[in-house]
S.K.: 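One structure is given below, represented as structure tokens, and several questions about it will come after.
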Amino acid sequence: MSHEAAAQKTAQDKLVIRNIGLLLSGDLAQPIFDRDTVVAVGDRIVAVGKETNLDISGATVTVDAKGTALAPGLIDSHVHPVCGDWTPRQNQLGWIDSYLHGGVTTMISAGEVHTPGRPKDVVGLKAMAIFAQRTFQAFRPGGVKILAGAPVLEHGMVESDFAELAAAGVRILGEVGLGSVKDGKTAHEMVGWARKYGIQSTIHTGGPSIPGSSLIDKDMVLETDADVIGHVNGGHTALPDDQITALCEKSKRALEIVHNGNERAALLTLRTAAELKQLDRVILGTDSPAGSGAQPLGIIRMIALLASVGGVSAESAICMATGNTAKIRNLSGGLIAAGREASFVFMDKAQHSGGKDLLDSIKKGDLPGIGMVITDGVVSIQRSRNTPPATRVPEVVKSR
Ligand SMILES: [Zn+2]
């Protein structure tokens, strides 16, 4: 059965997840909850607690977590989708489904800029954005949600274009700087129009990604004042260190760290945000597919990097790919709490990791093993085909 059909069939079905060994809430203020059971109805969590205190009767599907860790489905804050589950950049099919096997249940487009022949005139770019928003809303490989339809700014756009895009359902801009608008003054004005109509903005930061794109330095980032400082660690080429620390200190906007960036600059950003006591600004993305490929495990690799050599706890690093992103991006997932989206990733220590448990293994730099992913209350995958094998995996013990 397709995920769509399953989601329809189970609109009011009850999902019980029991025997959770470690509940990773996604909330940076309290990343670990002492709870062992989660109940969802349809696509929403309705209760989180101790099994003895919850009504787990009448479950349509019961998952025995077998003592594994449960976290919110991971969010990739920076992807470049194009057309369904194909990327022309590396001519690869099925990349979104592969990311699902890396625990990602939500992706946010930073622009469908790899579209061959991408239109740069205003009518054409609006049409493409609306087309992408519609197609990705309707097409969810394995249940992964892709928030797409992210136009990049081109000269000639006027306020009414943003009103029209918003009315048509467009909620995000692609990276400022990837289109023809490359000066802070124009970008600031357009980002302001976008914000006025409820469209969130992000900006390319650092050197050019590929031939044809260009440098965006700290002055342009500060002047533009987009909602998200996209790949603050460069995508790939980072700004000089003093510019990165200036962005952390002088802006209050989200600090997006990506896999396809400079890893040393990622750690500098993390350390600076920690010193400022602003780790809630840090969100994670892959910035893929891109020149360096598609990385199905990119988000868990970022979590392992930041936790193993960046000085944050593994449970906090996981919040940077879940609750932090959900808060900044106004998403319904990202937290394990009543009312939130019932999308989860089950993890355990990878087999033969030297860590004593999941969090210790991540702290030692190992990737977690993923044993199951649930999107919107529906079991999407069981043991991941892409991560190292988890030591323990959850099991569906009752399914009507
Ligand atoms: Zn970029």
Side-chain angles (χ1 to χ4, degrees), residues 75-82 87-90 95 99 107-115 118 120 125 128-129 132 146-154 172-184 186-188 190-191 194 199-240 243-244 247-248 251 253-266 268-269 282-295 298-299 302 325 328-329:
I75 304 165
D76 186 335
S77 175
H78 194 130
V79 296
H80 289 294
V82 169
T87 172
R89 177 59 58 184
Q90 303 301 342
W95 67 275
Y99 283 46
M107 301 178 162
I108 298 162
S109 174
E112 296 81 37
V113 289
H114 299 159
T115 302
R118 167 168 72 88
K120 295 174 181 171
L125 76 89
M128 191 179 85
I146 304 115
L147 278 72
V152 297
L153 300 181
E154 303 283 2
I172 42 177
L173 289 186
E175 290 173 68
V176 174
L178 297 190
S180 56
V181 173
K182 296 180 194 296
D183 68 286
T186 309
H188 178 80
M190 290 187 179
V191 159
I199 298 175
Q200 193 177 63
S201 54
T202 186
I203 186 164
H204 174 96
T205 308
S209 315
I210 49 174
S213 79
S214 46
L215 166 74
I216 305 287
D217 67 6
K218 84 153 191 338
D219 293 334
M220 163 121 182
V221 173
L222 290 172
E223 187 175 3
T224 302
D225 195 31
D227 299 301
V228 174
I229 301 175
H231 56 61
V232 63
N233 61 318
H236 300 271
T237 312
L239 292 173
Q243 293 202 29
I244 293 176
L247 287 175
C248 295
S251 169
R253 303 296 184 183
L255 300 166
E256 183 191 73
I257 298 177
V258 301
H259 185 270
N260 281 343
N262 176 319
E263 292 178 341
R264 196 189 59 81
L268 171 67
T269 305
V282 178
I283 60 177
L284 306 185
T286 53
D287 190 6
S288 66
S292 49
Q295 296 92 19
I299 294 296
M302 291 301 295
T325 323
I328 284 162
R329 299 291 202 167

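In each ligand, atom 1 is the first atom listed, and ligand 1 is the first ligand listed.
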S.K.: Which residue, Leu255, Leu239, Ile257, forms the side-chain contact (heavy atoms from CB on, under 4.5 Å) with Asn233?
M.R.: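 The residue from Leu255, Leu239, Ile257 that satisfies side-chain contact (heavy atoms from CB on, under 4.5 Å) with Asn233 turns out to be Ile257.
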
S.K.: Verify whether one side chain among Asp227 and Ser201 offers a donor that lies under 3.5 Å from an acceptor in the other.
M.R.: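 Checked: Asp227/Ser201 side chains pair up, N/O donor to acceptor below 3.5 Å.
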
S.K.: For residues Glu112 and His80, is any side-chain donor paired with an opposing acceptor at under 3.5 Å?
M.R.: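 No - no donor-acceptor pair under 3.5 Å links their side chains.
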
S.K.: Hydrogens and angles aside, do His204 and His231 bring a side-chain donor and acceptor to less than 3.5 Å of each other?
M.R.: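 Yes, because at least one side-chain N or O of His204 sits under 3.5 Å from a partner of the opposite role on His231.
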
S.K.: Sort by chain and number the protein N/O/S atoms found under 2.8 Å from the Zn ion (ligand 1).
M.R.: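 Per the 2.8 Å query on the Zn ion (ligand 1), atoms found are Glu175 OE1, His204 ND1, His231 NE2.
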
S.K.: For Ser292 and Asn260, does a side-chain donor sit closer than 3.5 Å to a side-chain acceptor?
M.R.: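 Yes - a donor-acceptor pair under 3.5 Å links their side chains.
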
S.K.: Is any side-chain heavy atom of Val79 closer than 4.5 Å to a side-chain heavy atom of Trp95?
M.R.: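 A side-chain contact under 4.5 Å exists here.
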
